[in-house]
Each structure stands twice: as structure tokens, then as C-alpha cells.
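Scroll down for the structure; my scribbles are underneath it.
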Amino acid sequence: MRCIAETSPRPSEARPPDERPAVTLRGFRPSDIPFVTSIVAEALHEHYDPTLYLSLSADWPEGFLIAADSHDVPVAFLLGVSQVSHEARILMFAVDRHWRTLGIGRLLMSTFFERCRDRGYRRATLEVRVSNATAIRFYTRFDYSVVDLLRGYYSDGENGYQMARALN
Ligand SMILES: CC(C)(COP(=O)(O)OP(=O)(O)OC[C@H]1O[C@@H](n2cnc3c(N)ncnc32)[C@H](O)[C@@H]1OP(=O)(O)O)[C@@H](O)C(=O)NCCC(=O)NCCS
């Protein structure tokens with residue numbers, strides 16, 4: 001699984017440029033799938049079978065966080081899973097481009113850490129493209145550091161970094 005649609009309405013484009021973001025964090029719902037796939041296509045340039053989101057959310061529903069706008073439309077999400085004992089792994093994380101640099105990523109990440117601690121996880125990991133300087137900078141601010149180089153990790157052949165941090 002790589003950090004990753006059909007075209008669906010893009011309600012985020014209706015947001016007036018100077019409006020303060022009023023997002024609510026909540027759990028993932030099946031009705032979110034068209035919006036999540038749209039964000040994934042635009043932000044991560046990946047296309048996954050919609051049923052994947054249902055199956056990935058099944059084991060740890062609290063690890064799949066949605067940030068929704070005032071109309072309850074998803075504008076960002078973080079999908080975490082746990083495949084290794086006492087560890088959480090971020091499989092997908094993206095904010096709609098019209099909603100970036102407004103603190104929504106920070107809100108999602110800090111809430112995700114709370115969910116991890118609720119479960120007693122001791123470590124969080126993720127993968128990121130070596131070219132994704134914005135995301136690497138973001139993760140570094142949250143105390144992730146590079147622990148491995150993943151050669152040819154992405155479907156287009158790009159290398160990835162595995163990053164990790166301890167959870168206290
Ligand atoms: C990475 C990403 C999730 C960050 O989300 P965001 O909502 O824009 O981030 P925030 O507004 O919460 O910013 C958090 C911090 O990162 C900094 N930051 C975020 N984007 C930045 C940018 N483009 N340039 C410089 N700093 C940036 C903010 O200044 C902020 O710092 P502060 O807390 O010290 O003020 C978002 O850029 C994104 O969705 N990118 C495309 C998808 C992607 O690459 N996902 C990761 C795949 S592994």
C-alpha cells in the first residue's frame with residue numbers, strides 16, 4: 001500500500017478564499033468514499049478500488065479520520081492501520097488543495113496520535129515519496145524521521161522514505 005477516483009463534486013472549490021476553515025473531525029463513513037477518492041486522485045495521484053476504503057477501515061475504525069466542512073463534506077482525511085503489534089501506520093493522508101496550510105493536517109495528525117495512544121501504540125510509521133518535500137517537512141515537524149530508503153517503492157518507480165516516530 002502506498003501513500004495514494006472517480007471525479008466527484010468538488011465542494012471545496014466553493015469555499016470563499018478568505019473564509020476561516022470550520023472543519024469537524026469525525027470517523028469515516030461509506031458515503032465519504034467519492035470524496036476521499038477524489039482527494040486521493042488529486043493529491044496523491046493514485047486510484048484505488050472504492051471497496052478498499054471499507055476493508056481498511058474495518059479493523060480500526062477510529063484510525064480513519066475525516067475532516068469535514070460545514071456541509072459535512074470531507075476536505076481531508078488520514079487513514080491509519082495497525083499491521084504490526086503496538087504500531088500504527090499511516091497509509092494515506094491528504095488535505096484537499098484548497099484547504100491546505102490552514103492547520104487541518106496538524107489537527108488530523110495530533111488527533112491521530114490521541115487515537116494511537118488510546119490503543120497503546122508505541123510507534124507510528126509512514127511512507128512518503130522522496131520528492132515530496134512539503135510532506136517530509138510536515139512530518140519532520142511532527143518528530144518523524146527517516147528510518148529507511150525504499151527503492152522503487154512507488155508504482156512509477158520513484159523511491160520512498162519510510163519515516164517513523166515513537167509515541168509516548
Ligand atoms: C502534507 C499535507 C497533508 C499538510 O497538510 P496542511 O493542512 O496543509 O498542513 P497544516 O496547515 O496543518 O500545516 C502544519 C505545519 O506544516 C507547515 N506547512 C504545511 N504545508 C506547508 C508548505 N507547503 N510549505 C511550508 N510549510 C508548510 C505549516 O506552516 C504548519 O507549520 P506550523 O504548525 O509550524 O505553523 C498537505 O500539504 C497535503 O495534503 N499534501 C498533498 C498530499 C500529500 O503529500 N500527503 C502526504 C503523502 S505521504
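Both ligands and their constituent atoms are indexed starting at 1 by order of listing. In this chain, residues are counted from 1 in sequence order.
Polar contact with ligand 1: absent for Ala135 (N/O pair, distance under 3.5 Å). When only interatomic distances are considered, the shortest N/O to N/O separation between Gly103 and ligand 1 falls below 3.5 Å. The N/O atoms of Gly105, backbone and side chain alike, include one that comes under 3.5 Å of an N/O atom in ligand 1. Here's the thing with Phe138: none of its N/O atoms is less than 3.5 angstrom from an N/O atom of ligand 1. Polar contact check, Asn132 against ligand 1: a nitrogen or oxygen pair lies under 3.5 Å apart. At under 3.5 Å, not a single nitrogen or oxygen of Ala43, backbone or side chain, sits near a nitrogen or oxygen of ligand 1. In terms of N/O distances under 3.5 Å, ligand 1 is approached by Arg106. Between Trp99 and ligand 1, no pair of N/O atoms sits closer than 3.5 Å.
For the residue pair Ser131/Glu158, the side-chain donor-acceptor check at 3.5 Å is satisfied. Counted by atom type alone, His98 and Asp96 present one or more donor-acceptor pairs between their side chains at under 3.5 Å.
Side-chain contact check for Val23 versus Trp99: some heavy-atom pair is nearer than 4.5 Å.
Expressed to the nearest 0.5 Å, how far CD1 of Ile136 lies from CZ of Arg141 amounts to 14.0 Å.
The ring pair (Phe, Tyr, Trp, His ring centres under 6.0 Å) check on Phe113 picks up nothing, with sequence neighbours excluded. Remark: Tyr161 engages no residue in a ring pair (Phe, Tyr, Trp, His ring centres under 6.0 Å) (not counting sequence neighbours).
Below 4.0 Å from some heavy atom of Ala94 lie the following atoms of ligand 1, by number and element: 39 (O). Applying the 4.0 Å criterion to heavy atoms of Glu127 picks out, from ligand 1, the atoms 48 (S).
Residue Val95 touches ligand 1 through backbone and side chain together, judged by heavy-atom distances below 4.0 Å.
Panel note: side chain Tyr154, backbone Val128; a donor-acceptor pair is recorded below 3.5 Å.
Checking each of Asp32, Leu25, Val40 against Phe77 for a side chain to side chain contact (heavy atoms under 4.5 Å, CB included) leaves exactly one that passes, namely Val40.
In this structure, Arg129 does not count as a contact residue of ligand 1, since none of its heavy atoms falls inside 4.0 Å of the ligand.
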